Amino acid sequence: MELYNLRHFFQRHGFYVCARLADRLGMRTKNVRIFFVYATFATAGVGFFVYLTLAFWLRLKDLVYTKRTSVFDI
């Protein structure tokens, strides 16, 4: 019974956000949910892209600014 009450609480207060937002904006609930799914993937993708860019620049910096042991290593 406790699991049912917990599920009912989340359905009532948590999952109802898209429906309430769609009603307020005058849109379909399905479109609001799809927007949130796409926004989640886009923001996760942006973070991953920034991570890869920083890794590339750090690797490039390490290749360019290596410690030289003598003048003849240039």
Side-chain angles (χ1 to χ4, degrees):
M1 192 67 179
E2 185 66 33
L3 184 61
Y4 176 76
N5 291 338
L6 183 65
R7 188 182 75 179
H8 180 68
F9 174 79
F10 280 119
Q11 285 178 350
R12 184 79 172 147
H13 298 287
F15 300 135
Y16 195 59
V17 172
C18 290
R20 289 176 56 191
L21 186 60
D23 286 342
R24 188 162 298 241
L25 294 175
M27 299 173 63
R28 290 183 174 176
T29 306
K30 175 184 162 185
N31 293 336
V32 174
R33 287 182 183 147
I34 288 174
F35 169 76
F36 279 123
V37 169
Y38 287 155
T40 301
F41 284 123
T43 56
V46 169
F48 187 66
F49 178 72
V50 169
Y51 171 78
L52 287 180
T53 304
L54 290 174
F56 170 74
W57 283 108
L58 288 175
R59 178 73 175 148
L60 189 63
K61 180 189 74 77
D62 291 342
L63 290 174
V64 171
Y65 295 115
T66 57
K67 187 175 180 180
R68 309 274 188 232
T69 56
S70 72
V71 177
F72 301 108
D73 288 342
I74 298 176

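If you're wondering where the values come from, they're calculated on a predicted model, not measured in any experiment.
- Among T53, V46, L52, the single residue meeting the side-chain contact (heavy atoms from CB on, under 4.5 Å) criterion with F49 is T53.
- Side-chain contact between N5 and F9 is absent, with no heavy atoms from C-beta onward closer than 4.5 Å.
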Pairs under 3.5 angstrom only: tabulate donor-acceptor contacts from the side chains of residues 17-31 to other protein residues two or more places apart or in another chain.
none

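- Shown here are the side-chain contact (heavy atoms from CB on, under 4.5 Å) partners of L60, two or more places apart in sequence or in another chain: F56, W57.
- Distance CZ/F41 to OH/Y38: 9.5 Å, rounded to 0.5 Å.
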